[in-house]
Trainee: 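The structure's right below; bear with me while I get my questions together.
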Number of protein chains: 2
Amino acid sequence: MVLFAANGYEGTSLNDIAAEVGIRRSSLLHHFPSKQILYGEVFEQLVSDWFARLGDAVISSDTGWDKAEVVLNAGFDFFADNADYVCLVRRAALDGSTHLTVDIASVLRPMFEKSVAYFEREMAAGTFRRHDPRQLLITGYGALLSWFSDAAFVEGLLDIDPLGPDALAARREHVIGFFRAALVG
Amino acid sequence: MVLFAANGYEGTSLNDIAAEVGIRRSSLLHHFPSKQILYGEVFEQLVSDWFARLGDAVISSDTGWDKAEVVLNAGFDFFADNADYVCLVRRAALDGSTHLTVDIASVLRPMFEKSVAYFEREMAAGTFRRHDPRQLLITGYGALLSWFSDAAFVEGLLDIDPLGPDALAARREHVIGFFRAALVG
DNA sequence: GTCTATACCGCGATAGAC
DNA sequence: GTCTATCGCGGTATAGAC
């Protein structure tokens, strides 16, 4: 939901949501027993979307750097298409676990461990330079998310629209190039 | 302020703050005309602290990779000492400019541009591999901040305390090593 | 299912006694 | 400077008419 992403959980009232949907506040509470539950369902929906999209990329048959690039691009595309969602996830991570039904970390964990195994394999094979795979993945996740979650900050710093096509292309190119430089030199 | 960092602006009431300080809500409003102003002063104080600390590192007389490492370490130290502050900044970036007196971006801009010039110089000299300096800085900022701002997420993913001494050391080592690999191979 | 009406609470903020 | 008392507003949630 756009509103939760832009204004946070506490900053979004049921009135705001109802107004956006076009019904009354009470009618909203007829479908969802409480605000927390509504938020939880919205969030869960988005997490599963993300998970599905990432999963498609992860099972790509590429190997070595090509596979890493496919996954990076898939993540970038999804975040670019769902910048609101990035803000929502960041807020959830910031808030810790408050008013959060599902634990994102545990949902993502299987895929995370699979990625770790992939990097360990490639590093052992000498395809990639040695780095701690878990740290590497968190650095990558931070590099992808920060551009979108801190868009307002980036805009102030660079005087560009971070979500415009040119800026997105430049950001994508940099992230890919940067990780390639660090991993395969 | 710890509360703003943990619960956000909307999530923190004047009652909470007053309780922490040990006075009544009204007494708080005697010192600060409004909640926004209180928040603004807290935030401004922290920004200037950060700025001062970064400034010390930036004027270090080192050159090439050594200087980059000094600055990275200074940033890491400050964030490790003020993890709450990281959360506050992230929230500010997420909220855009709402209820924000000072614009962080414009405050940081002079130092940002100075850093850009430094990287351009080193890249032209061949000390560093070629990357877009602005993108590089934002990637670095994201790599440093995300560990602290998303600590709850990291904890769920790695089953460690991200702010414990061992985890901090490992994170610092990785970030330094990763950027060195990308920049100087 | 969606509405109106309403109860109840906590918020930010003001006024005035001490 | 700090308190109590109070206002007005907007929040979640419930009950009942249609």
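Protein chains get the first letters and strands the later ones, always in sequence-line order, with residue 1 at the start of each. Values below: all heavy atoms of this structure, side chains included; hydrogens, waters and symmetry mates excluded.
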Trainee: Decide whether B:Phe51 and B:Phe78 are clustered together by the hydrophobic rule: side chain heavy atoms of Ile, Leu, Val, Met, Phe, Trp, Tyr closer than 4.5 Å, transitively.
Mentor: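 Yes, B:Phe51 connects to B:Phe78 through the hydrophobic network.
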Trainee: Counting distance only, does the side-chain N/O of A:Arg91 pair as donor-acceptor with the main-chain N or O of A:Ala6 below 3.5 Å?
Mentor: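 It does hold such a pair.
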Trainee: Report yes if a side-chain nitrogen or oxygen of B:His30 is closer than 4.0 Å to either non-bridging phosphate oxygen (OP1 or OP2) of C:dA13; otherwise report no.
Mentor: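 For C:dA13, OP1/OP2 do not have a side-chain N/O of B:His30 under 4.0 Å.
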Trainee: Nearest-Å distance, CD (A:Glu10) to P (D:dG10)?
Mentor: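 Roughly 18 Å, once rounded to whole Å.
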Trainee: Can you tell me which nucleotide in C:dC11, D:dT12, C:dA13 comes closest to the side chain of B:Ser34?
Mentor: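 Nearest listed nucleotide: C:dA13.
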Trainee: Considering only nitrogen or oxygen atoms on both sides, find all protein atoms under 3.5 Å from nucleotides 3-5 of chain D and state each distance.
Mentor:
{"from": "D:dC3", "atom 1": "OP2", "to": "B:Arg24", "atom 2": "N", "distance (Å)": "2.7"}
{"from": "D:dC3", "atom 1": "OP2", "to": "B:Ser27", "atom 2": "OG", "distance (Å)": "2.8"}
{"from": "D:dT4", "atom 1": "OP2", "to": "B:Arg24", "atom 2": "NE", "distance (Å)": "3.3"}
{"from": "D:dT4", "atom 1": "O4", "to": "B:Ser26", "atom 2": "OG", "distance (Å)": "3.0"}

Trainee: In terms of hydrophobic clustering (I, L, V, M, F, W, Y; side-chain heavy atoms under 4.5 Å; direct or indirect links), are A:Leu29 and A:Phe4 co-clustered?
Mentor: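 Same hydrophobic cluster.
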Trainee: Starting at NZ of B:Lys35 and ending at P of C:dC11, how long is that distance when rounded to a whole Å?
Mentor: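 So the two atoms are 9 Å apart, to the nearest Å.
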Trainee: Within the 4.5 Å heavy-atom criterion, are B:Ile138 and A:Leu158 side-chain neighbours or not?
Mentor: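 The answer is yes; the side chains approach within 4.5 Å.
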Trainee: Within the structure, does a side-chain N or O atom of B:Ser13 lie under 4.0 Å from either OP1 or OP2 of C:dC11?
Mentor: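 So the side-chain polar atoms of B:Ser13 do come within 4.0 Å of the phosphate oxygens OP1 or OP2 of C:dC11, strictly under.
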Trainee: Phosphate oxygens OP1/OP2 of D:dG11: is one of them under 4.0 Å from a side-chain N or O of A:Asn15?
Mentor: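 For A:Asn15, the contact criterion (side-chain N or O under 4.0 Å from OP1 or OP2 of D:dG11) is met.
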Trainee: Donor-acceptor pair, B:Asp77 side chain versus B:Ala74 backbone, under 3.5 Å?
Mentor: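 No.
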Trainee: Verify the cluster assignment for A:Val184 and B:Val184: are they in a single hydrophobic cluster under the rule of side-chain heavy atoms below 4.5 Å apart?
Mentor: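 Same cluster.
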Trainee: Using whole Å, report how far CD1 of B:Ile17 lies from P of C:dG10.
Mentor: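 Going from CD1 in B:Ile17 over to P in C:dG10 covers 18 Å.
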Trainee: What is the separation between atom CG on B:Asp16 and atom P on C:dG10, rounded to the nearest whole Å?
Mentor: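 Going from B:Asp16 (CG) to C:dG10 (P), I get 12 Å.
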Trainee: Atom OH of A:Tyr9 and atom C1' of D:dG11: how far apart are they, to the nearest Å?
Mentor: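 Those two atoms, OH and C1', are 11 Å apart.
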Trainee: For the pair made of CG in B:Leu29 and P in C:dG16, what is the distance, rounded to whole Å?
Mentor: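 From B:Leu29 CG to C:dG16 P: 17 Å.
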Trainee: Please state how far atom OH in A:Tyr39 lies from atom P in D:dT12, giving the value in whole angstrom units.
Mentor: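 These atoms are roughly 14 Å apart.
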Trainee: Where is the tightest heavy-atom contact between B:Arg134 and B:Val116, given as atom of each residue plus distance?
Mentor: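 Closest pair (atom of B:Arg134, atom of B:Val116, distance): CG-CG2, 3.7 Å.
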